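Keep in mind the model is a prediction, meaning the values are calculated, not measured. Whatever order the structure lists ligands and atoms in, that order sets their numbers, starting from 1.
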Amino acid sequence: MNSIAVYSSKGGVGKTAAAVNLSYSSSRRGKKTLLCDMDSQGAASFYYKISTRGKFSKKKFIKGNLQKFICSTHYQNLDLLPAHFSFRNLDLVLDGKKRDELKTLFNRLADDYEVIIFDCPPNMTLLSEHLITAADQVVIPVIPTTLSIRALAQLMKFFDKIGADRKKMRAFFSMVERRKSMHVDTVKKYRKKKVFLKALVPYLADVEKMGVSRAPVAVTMPGSPAAIAYDRLWMEIWKRRVRD
Ligand SMILES: Nc1ncnc2c1ncn2[C@@H]1O[C@H](COP(=O)(O)OP(=O)(O)O)[C@@H](O)[C@H]1O
Ligand SMILES: [Mg+2]
């Protein structure tokens with residue numbers, strides 16, 4: 001099982017858009033995939049037209065038996081663990097638990113899924129720590145601005161602080177606008193750094209339209225440069241996997 005967390009301490013950088021489209025690419029390319037919507041706001045669940053379940057209990061969740069909460073999507077090979085409003089309190093449940101608590105929990109699904117993708121909430125919380133620990137690769141969308149590069153540097157320190165291996169960081173440029181010189185310059189300057197993946201995702205209305213279509217870009221607009229970009233990104237992430 002390959003576990004991938006789409007994470008950033010910042011909100012609005014394209015985490016959910018990436019998690020939704022990457023999980024779709026993974027499933028289309030034949031991998032049995034589970035997308036876990038770990039953000040209590042439930043945007044990934046919304047995009048896949050799956051509503052959160054009323055009876056979900058974070059206590060039951062943490063005790064195991066995740067299968068009970070998993071839903072199938074409209075797409076082959078792709079299941080979803082929907083978010084729940086109570087996830088905002090997962091931090092309280094995780095308090096005092098070992099940092100690999102969630103890793104152990106999700107490892108129980110190893111026989112069922114080849115790929116697990118976590119759509120993480122922003123901020124540097126206990127839940128983030130657990131998800132980073134549970135992931136083999138942490139995919140980090142970075143909007144090409146000076147401040148975002150600074151945030152990435154802070155994230156490296158956060159990895160050190162929580163004892164996570166920096167080698168699993170995979171940054172990619174998100175929402176890239178070629179008409180903005182700061183974007184072009186920042187991409188040029190940092191793209192070759194080890195932490196960055198080559199594939200980048202352009203800023204395109206096609207991604208925003210997912211809010212209306214409630215489907216991955218590749219479903220409604222397979223020829224869109226955004227769909228192609230996410231698929232390339234997926235292939236690069238898959239190539240850099242650490243397990244078989
Ligand atoms: N590549 C992109 N091009 C244009 N809009 C985007 C792109 N990626 C994300 N968005 C839009 O930006 C907003 C924030 O994206 P989202 O994926 O929800 O960010 P996060 O999960 O990091 O908070 C959403 O309205 C989304 O539709
Ligand atoms: Mg999000």
With a cutoff of 4.0 Å, is [X] in contact with ligand 1, counting heavy atoms of the residue only?
X	answer
Gly12	yes
Pro202	yes
Gly11	yes

Taking [atom] as the point of reference, which of [options] owns the nearest heavy atom?
atom	options	value
atom 19 (O) of ligand 1	Ala226, Pro121, Ala17, Gly14	Gly14
atom 8 (N) of ligand 1	Val20, Val201, Val207	Val207
atom 26 (C) of ligand 1	Phe173, Tyr230, Tyr47	Tyr47
atom 9 (C) of ligand 1	Gln41, Lys15, Met175	Met175

Problem - Within reach of ligand 1, part of Ser174 (heavy-atom separation under 4.0 Å) - result: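 Near ligand 1, Ser174 shows nothing, with every heavy atom at 4.0 Å or more.
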| Salt-bridge criterion met for Arg99 and Glu129 (N-O under 4.0 Å) |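 Looking at Arg99 and Glu129, the cut-off is met.
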Can you check whether Thr16 has an N/O within less than 3.5 Å of an N/O in ligand 1?
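Between Thr16 and ligand 1, an N or O pair is found under 3.5 Å apart.
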| query | Any N or O of Leu204 that comes nearer than 3.5 Å to an N or O of ligand 1? | reply |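 Looking only at distances, the answer is yes, because the N/O contact criterion of under 3.5 Å is met.
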About how many Å separate [atom2] of [Y] and [atom1] of [X], when rounded to the nearest 0.5 Å?
X	Y	atom1	atom2	result
Arg29	Met235	CZ	CE	4.5 Å
Ile116	Ser3	CD1	OG	7.0 Å
Arg178	Tyr203	CZ	OH	16.0 Å

### Message
Please give me the minimum heavy-atom distance between Ala229 and Leu200, naming the atom from each residue.
### Response
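Nearest pair, atom of Ala229 first, then Leu200: CB-O, 3.5 Å.
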- [ ] Please determine if the Mg ion (ligand 2) has an N/O/S atom from Thr16 lying under 2.8 Å away.
- [x]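 Checking Thr16: at least one N, O or S atom is under 2.8 Å.
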How far is atom 5 (N) of ligand 1 from the closest protein heavy atom, and which atom is that?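 Heavy-atom neighbour on the protein nearest atom 5 (N) of ligand 1: Glu208 CG, 3.5 Å.
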Which of the numbered atoms in ligand 1 are under 4.0 angstrom from any heavy atom belonging to Val13?
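Numbered from 1, ligand 1 contributes 19 (O), 20 (P), 22 (O).
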Q) How about Met1 and Asn107: do any of their side-chain heavy atoms sit closer than 4.5 Å? A)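 The answer is yes, as the side chains (C-beta and beyond) meet within the 4.5 Å cut-off.
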With side chains defined as the heavy atoms from C-beta onward, is the minimum distance between Val219 and Val217 less than 4.5 Å?
->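 No - every pair of side-chain heavy atoms lies 4.5 Å or more apart.
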**Asked** Are the aromatic ring centres of Phe173 and Phe196 under 6.0 angstrom apart?
**Response**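 Ring centroids of Phe173 and Phe196 are less than 6.0 Å from each other.
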Is at least one protein non-hydrogen atom found at under 4.0 angstrom from atom 24 (C) of ligand 1?
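No; the ligand atom in question lacks any protein heavy-atom contact below 4.0 Å.
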Passing option when Ser45 is tested against Leu35, Asp39, Leu80, Thr73 for side-chain contact (heavy atoms from CB on, under 4.5 Å):
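By the side-chain contact (heavy atoms from CB on, under 4.5 Å) criterion, Ser45 pairs with just one of Leu35, Asp39, Leu80, Thr73: Leu80.
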